[in-house]
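Here the structure is laid out as structure tokens; the discussion comes afterwards.
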Amino acid sequence: VETAVWSDISVSLDGFNRNPQHRNYQPQEGDIALSARLSFAFPAGEERAMAPVFIIRNGQQLSIKDYDPASGIHVRFTDINPSTEIMTFRMAMDDRNNEPYEILIASDVPRSDILIMEANIFPGINLVWLGCLMMLGGLLLSLAARQSLR
């Protein structure tokens, strides 16, 4: 068990879970996923447990943060260095000193502020870029040939 102090809060790394369960994590074949069990001890004696997830998927490192709404703490498991056995966690806390805002919602009003976006992973994008570069090269070659004829 490793313990550190962050902003007057004692943070303990209690262990790991090799089969993490998280509402934002859908396991895929080939995933290497690891969840860290962290416990937070506040100065007033209150304790909270959190479990951020670290994933290696298709050679990319991903992390899924855990958030505790009662305390306002966000924790993200961002890196593991296997050679030095050092793990990196990023932590933040909500600023709870904000003034409340009144929100008014209009009813029976048609909406005109809807925006729909779609993101696709296109594996053939390198071929598109290669074609663009070839066309640019052809343009430059034809301009050079035209200048040499003058």
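The first residue of the sequence shown is numbered 1, and numbering continues consecutively from there. Below, each value reflects all heavy atoms present in this structure, side chains not excepted, and no hydrogens, waters or symmetry copies.
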Looking at [X], I'd like to know if its [atom1] atom is crowded, meaning that more than 12 non-hydrogen atoms belonging to other residues, nucleotides or ligands lie closer than 6.0 Å.
{"X": "N58", "atom1": "CG", "value": "no"}
{"X": "I103", "atom1": "CD1", "value": "no"}
{"X": "R48", "atom1": "CZ", "value": "yes"}

### With M87, the side chain to side chain contact (heavy atoms under 4.5 Å, CB included) member among N81, L13, T78
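Exactly one pass, corresponding to L13.
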### Query
Where the side chain of R18 meets the backbone of L34, is there a donor-acceptor pair that is under 3.5 Å apart?
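Flag not set: sc R18 to bb L34 has no pair under 3.5 Å.
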### Query
Would I64 and I56 show up in the same hydrophobic cluster when neighbours are defined by side-chain heavy atoms closer than 4.5 Å?
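Different hydrophobic clusters.
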### Query
Any link between I80 and L62 through a network of hydrophobic side chains (Ile, Leu, Val, Met, Phe, Trp, Tyr) touching at under 4.5 Å?
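No; L62 is not reachable from I80 via cluster members.
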### Query
Do W6 and I73 have side-chain heavy atoms sitting under 4.5 Å apart?
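In short, these two side chains touch, coming nearer than 4.5 Å.
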### Task
For residues F122 and V128, determine if any side-chain heavy atom of one lies less than 4.5 Å from a side-chain heavy atom of the other.
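Yes, at least one pair of side-chain atoms sits under 4.5 Å.
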### Message
According to side chain to side chain contact (heavy atoms under 4.5 Å, CB included), who are the partners of Q28, at least two apart in sequence or on a separate chain?
### Response
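Listed in chain order: D31, R57.
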### Query
For residues 124-144, which residue pairs qualify under side chain to side chain donor-acceptor pair (under 3.5 Å), counting only residues two or more places apart or in two chains?
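Listed once each, the pairs would be none.
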### Task
Anything under 30° is parallel, anything over 60° is perpendicular, the rest tilted; go ahead and classify F89 against F77.
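Judged by the thresholds at 30° and 60°, the geometry between F89 and F77 is parallel.
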### Query
Listed by chain and number, what are the ring-ring contact (aromatic ring centres under 6.0 Å, His included) partners of Y25, not counting sequence neighbours?
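Testing Y25 for ring-ring contact (aromatic ring centres under 6.0 Å, His included), a comparison that skips the adjacent residues, returns none.
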